[in-house]
Structures are given as structure tokens and as C-alpha cells.
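To start, the structure itself, in C-alpha cells.
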Amino acid sequence: MPAVAETLDTVQSVTEGTYKWGFETEIEMDFAPKGLNESTVRFISAQKKEPEWLLEWRLKAFATWQKMQEPRWPAVKYPPIDYQDAYYYAAPKKKDGPKSLDEVDPELLKTYAKLGIPLKEQAILAGVEGAGDSPSEGGRMPIAVDAVFDSVSVATSYKERLAKDGIIFCAISEAVHEHPELVKQYLGTVVPPGDNFYAALNSAVFTDGSFVYIPKGVRCPMELSTYFRINAKSTGQFERTLIIADEGAVVSYLEGCTAPMRDENQLHAAVVELVALDDSQIKYSTVQNWYPGDAEGRGGIYNFVTKRAQCRGKRSKVSWTQVETGSAITWKYPSCVLLGDDSVGEFYSVAITNNHQQADTGTKMIHVGKRTTSTIVSKGISAGKGQNTYRGLVRVAPTASGARNFTQCDSLLIGDQCGAHTVPYIENRNMSAKVEHEATTSRIAEDQLFYCRQRGLSEEDAVGLIVNGFCREVLKELPMEFAVEAQKLLQISLEGSVG
Amino acid sequence: MLRIEGLTAEVDGKPILKGIDLEVPTGEVHAIMGPNGSGKSTLSYVLAGREGYEVTGGSATLNGVDLLALEPEERAAAGVFLAFQYPVELPGVGNANFLRTALNAIRRGKGEAELDAMQFLKLARARLKELQMSEDMLKRGVNVGFSGGEKKRNEVLQMALLRPSLAILDETDSGLDIDALKIVADGVNALRAPDFAALVITHYQRLLDYIVPDKVHVLMQGRIVQTGGPELAKQLEASGYASVQAAA
Ligand SMILES: Nc1ncnc2c1ncn2[C@@H]1O[C@H](COP(=O)(O)OP(=O)(O)OP(=O)(O)O)[C@@H](O)[C@H]1O
Ligand SMILES: [Mg+2]
């Protein structure tokens, strides 16, 4: 209750309709030369002092990418991207790589403070530490943050506290040096370099991202989160995240992201790989708030992302929750490959498109193990001239006896110039499997708006409230702290969409 | 004081209100009765500013404020509250959320401090108790899955929290059992004060036994055709609207 009310407070306090994260940090940067070729790949690898095997891996990915075509099947439109007209590496000058919090450039600390991202570690209070079993319940738990600024991780908090439990939480560039055996064992095993055009590109030029390893039987005592910030001009961001939950491990992870307002489009092509072993659970939440472009559709981030989880272990569980409010174009299908018997995949999504935003997003649930279950809840909201497509695949392999899927796709339209599309693919090769799909499309009813306004709410607040209600099933899956932020974002994203 | 003069309004180009003259001094409660389709709900929507209910002439002021010039939410902030004949469902929106958002919106409009979660909860609990409503009401979605009677009580709960200066109750008694009727009536009576006025739309004299009106108006075919004291309601109950029609 109090938390819900607090959420409302926050929602109410939002009054201005601009993208508030659109500022730029002035800081000296190191860039790779503009353009993309083999030497760009070598440059990045050298900057990070990578071992030979990783350079080879990158070069192979690059060769694969050169032979690939950009996918044309998503329901999104954009002018051709000139991959030679961008920087593939940009890092704040001076010492590179992650360092202790005290050494972080104050300019960066200021940037993250301005974004509302806590990098400073709070002292963990006695008593609260014991409550670590359920990070999102009870009082405000500290959140461990890995801050990625353009191409590098600039800080990671609570590393030592987490290390006490054997948890590894660091920049992936650091993991390559500190935990090469784990990186080598898992990197590219969920999303192979040749998986798709953007995954291949990412594999060739990925710069940083987070690495998480939760050892056997350990419940991570706090939320882990990575905050991505694109700052530099004409720069692509290619981060790579790898999370491994060993047997019986439990972890909740969140990523957030913002970028300055610019007239140009910037490319963001990330890869996220999750590995869940026997009886482990990974909850991965995203609040995606890249700059969406202006009301006329100028600028904004192209968000072309490959996210996939493998539930390798028996009874393992992966839950994706995403709130997609930003980006000019979103192309993204967080997926679960359910290999282990009785493993569980979940996908909860809210995607908003306003003004000229386009989103083609959904999930893939691949049932391989016996009695695997998956749940898909997708809420698409279109306003302005926004185009929103849910694209989802549920595949049941012949081996997946007793598999079950439930899919619910709801679309909400605001105004009459936007569009909502639902493209569900179902491939069921096992007679004993049960696949259910429900879909609805609705508009905010005039009587709902009037009812709210009669009670004193402005039209925009009324829309915000109704939209938040529409998304409730998804928002309640987010960790408490982020649910507040997400609700606020939904409201902001829709400003100017009514009246 | 609510003052309506020569008010005409149409829906879809069809004239519904054909010249309403009505005054409700502050501190008074007036009842409006009239046959189905006579324009009672239309009058309430016009006063609350619903889209599609187009005012074609006349005026309506509340304590000197020109209601017709305001947006619906501004009218709410000016003290107008409408208990809907058919309360609207808001799926996924928690009732407590909704009530607190509404209350704080109104308080902001009045220049009062907003209530934090705890203050709100305390207030809401007190009102719930007065209305003999269960706290579960706060946890559920706004009107979603509420029984007819629960929806009406939820309207009265909102009214009790928002403390309007003009309450318009559109058939809030319809669908209520005897006990609920008394509770709703108590809710209205509790608000009675020198700075409060109410317009109670009803089909049944029964409600007026509990909320004794200062005046009863009969609305027929878009006009107030008769005004009297509480005895007029009893007379209507006994002989129907035919008698009024004959007199008018
Ligand atoms: N949205 C609308 N579209 C078309 N006609 C309408 C609309 N709203 C009201 N009307 C018409 O206006 C007239 C008055 O309706 P109104 O709902 O005000 O009656 P009422 O007095 O409240 O009736 P009841 O006692 O049945 O509630 C009716 O003839 C009704 O059909
Ligand atoms: Mg009516």
C-alpha cells in the first residue's frame, strides 16, 4: 500500500513533458577511428588488452557479419544505416577500465547523480543485511550498480560485499581478465556470434557490459543493475551482458539506459546471454528509456538487441520483464530456450510507442524439455503516430511432452493515427502440449476519461492512470524501486498524446 | 449556491434540455424526480462538463463561478461532484490509488497540501468505517467486479473523501438494499453543512425519507415543470407523473 501510494506521488510530481535525460556530459574521450573494418576490431581488442582467443573470436564474428544481411522482416521503417559513418569505441580519457569508486572522474559521478543512479555505496545497515533474502520486499535495499558510459564500465559498486558470497559482478572486460575460464566457457553459447546480423556485429565490436556469476546455492542478497549511458556523438553502443546462475542460485538483475537528445540516430546493438542451471532462477528486468527522438521523428536510438536465456537445468526459471518506453526503433525479442525438464520461462512486456516511435518486440519460447512451461504477457500501447508490433514465437519440440504455454497480448490505442499489430507464431510438434493465445485491442473509453476528470484528474493524468492500470500485470513483476520509475516513465512517454 | 438559468443542451444535435431554471442555495438539499428519459442524467453531465453534451444556451454558476467555462477537472476542483448513475470500471487501477490521486488533485486545485500515503489511509479508513464498507474495497480495481450496490457505495465513499461543495447524486439509491440505502443517506446527511448543497436525482420517495430534501423538482421533457416541498415526492409516489402532466 504505502509503496503504491508513493508511486502515485512520483507520478504526480512529474509535470514536464520533455526527455529529462537528454543532457550531454562534457568529458574528454578516446575514440577509435571512425568506421568499421578489421582494424577497428583489433583496436577495440587491444584497448582492452584482450587475450588472443577473444580477438580471434571477434575477428571470426566480424567475417561472419560481413557476409550477413540486415533483417528486413521486422515491421519497422528506417533509412539505410551507414555502418562506416560511426564510432565503435568511445571511452572517457585517463585510466580505462573499472576502478574503485573513489577514483571515478567526478564529472561521471555527477552525471550518474543527475540521472538518479546511486554509485556511492550506502553502508549496509545491520538487520537489513539479514533481510537480503527478498531484495524487493521490506525496506530499501541497496542496489549494486555497474555503470557503463559509452564503451566502458566506469564503476561497479558493492563488489566486495558481493564477493563475500562468492558472487562475481563486474564489467565483462574485467571478467575476461579475472575469470577467463567462466567467460570462455559461456560466452556466445546462448547467442552464437552468427545468430543474426546485429548479434554478429556485437560479437565483433562489443566494448563492455556486465558479467554476473552466482555460485551454487547462493541467493544474491541485493538487486544487481547495470546502467547504460550513451553520451558521445555518432557513437554506437554495443554492450554484452553475460549472467550465469549456477545450481540453486537466485538473482534479480535490472538494466536501465538513457542517452542525450540528438538529431542523429544512434545505433545500440546489445547482446544479453543468460544461463540458468538446475533449480536456479534469474529475473531480468529492463527499463528501456533511450532517447526516442523528437515529436517530428528526428533523432533517437535504434535499439536492435538480442536477448536470450537458456534454461539448461532442471526446474530452472528465467523471467524477463521489460518496460520499453524509449528508442526511435526497438527490435527486440527476449527469449527462453527451455532445455531442462520442468523449466519455466516468463516474458512480461510493456511497450509504448508515441510520436513516430516504432517497436517490433516480443519473445520466443522454445520448449525442449518435458513439462516446460512458459507465460507471455504483452501490453502494447500506441499513441501519436506510433507503430507497435508484438511478434512472438512459441515452439514446442517433439521432446517437450506436457509442455504448456499461455500467451496474453493486449493492445491499447490512443488516438487514431497509431497502429497495433499482433503476429503470433505457434509451432507445436507435441500432441500432449497445450498452447493458449489470447489477444485484445482496445481504446481508452471516453467514459473512463470523463470519470477520472470528474474526480479532478487532468486528461493526461487520467490517461496515465488508465495506462498504468492496463499494464499492471507487467509492472507488478518489476522490483519495487523500478516499478515506481517505470510508472513515471509511462506517464512521461505519453505526454502530449491526448487533447 | 447553484444557479441555473435558461439552460438548454443537446446531444447529437437532439435538444434534450429545453430551458432549465433551478436554484439550490448552499446548505440545502434538493431532489429531482422525473420519468425515464426526461433529461435528469443529461443535466448532471452538462453540469459536470461531459463531452458530447453541448450547451446551446443559458448559464450555470456555482457560488458565482461560471461552471460552463471550465474543464471537467476544473469543475471538480471548484467543488462539483457527480455520483454516476453507472459508475465506470477502471481495470488494473487500484481503488486506493484512484481515491488518493483524486483527493490530491482536488486538494491541489484548492491550494491545499497533498496527503501522503499514511495520512490518506487514515482518512480513508475513517470514511470506510462510517459507511460500513470493508477495507477490501481499497485494494480492488476501481469498480471492477463490484456489485451494483458496491459501486454506488464506492461513489458515496469518494464523495465523503472529496467533500464537494455541490454533490449531484444520480440515482445513487437504485440497486441498494434497505441497509445500504440508510448508509448512503447517512453519508449525504453527514455532509450537510452551511457550505454544502446537493442535488439528489431519484425515482423513489423512499430515499427522501432518509435524506429529507428542502425542495423537490419535477423534470419532464427537458424542463422543470413543478417544484414543491417533500410532500410533492409523496404525491408523485401515490399518483405518478400523469398528475403533474395534467397540472403542467
Ligand atoms: N449519448 C446520447 N446519445 C443519444 N441520445 C442520448 C444520449 N444521452 C442521452 N440521450 C437521450 O437524452 C434523453 C435524456 O436522457 P437522460 O439519460 O438524461 O434521461 P434520464 O432522465 O436520466 O433517464 P433515466 O431515469 O432513465 O435515467 C433520452 O431520450 C436519451 O435517449
Ligand atoms: Mg438517468
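Note: hydrogens, waters and symmetry copies are ignored here, and every other heavy atom, side chains too, is used. First the proteins, then the strands, lettered A, B, ... as listed; each starts at 1.
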Pair A:Leu457-B:Thr101, side chain to side chain contact (heavy atoms under 4.5 Å, CB included): steps then yes or no
CA-CA 7 Å; A:Leu457 277 69; B:Thr101 309; 3.9 Å; yes
Pick from B:Gly52, B:Gly141, B:Pro72, B:Ala105 with the largest number of heavy-atom pairs that fall under 4.5 Å of chain A
B:Pro72
Under the 3.5 angstrom rule, does the side chain of A:Gln454 hit a backbone N or O of B:Val80 as a donor-acceptor pair?
yes
Contacting region of B:Leu82 [heavy-atom separation from chain A under 4.5 Å]:
both
Step by step, would you call A:Cys452 with B:Leu90 a side chain to side chain contact (heavy atoms under 4.5 Å, CB included)?
CA-CA 9 Å; A:Cys452 293; B:Leu90 303 175; 3.8 Å; yes
Trace of the side chain to side chain contact (heavy atoms under 4.5 Å, CB included) decision for B:Arg50 with A:Asp447:
CA-CA 9 Å; B:Arg50 185 166 191 167; A:Asp447 64 347; 3.2 Å; yes
For B:Ala48, is it the side chain, the backbone, both, or neither that has a heavy atom closer than 4.5 Å to a heavy atom of chain A?
both
Might you work through the ring-ring contact (aromatic ring centres under 6.0 Å, His included) test for A:Phe450 and B:Tyr53, ending with a clear yes or no?
CA-CA 12 Å; A:Phe450 176 60; B:Tyr53 289 75; 8.2 Å; no
In terms of heavy-atom proximity below 4.5 Å to chain B, should A:Arg453 be classed as side chain, backbone, both, or neither?
both
From CG (B:Leu103) to CZ (A:Arg455), nearest 0.5 Å
12.5 Å
When only heavy atoms count and the cut-off is under 4.5 Å, which of residues 183-202 of chain B reach chain A?
none
Side chain, backbone, both or neither: which part of B:Glu51 has a non-hydrogen atom closer than 4.5 Å to chain A?
both
Under 3.5 Å, is there a donor-acceptor pair linking the side chains of B:Asn143 and A:Tyr451?
yes
Heavy atoms of other groups near A:Arg404 CZ, more than 12 under 6.0 Å:
no
Chain A contact via B:Glu74 - side chain, backbone, both or neither, heavy atoms under 4.5 Å:
neither
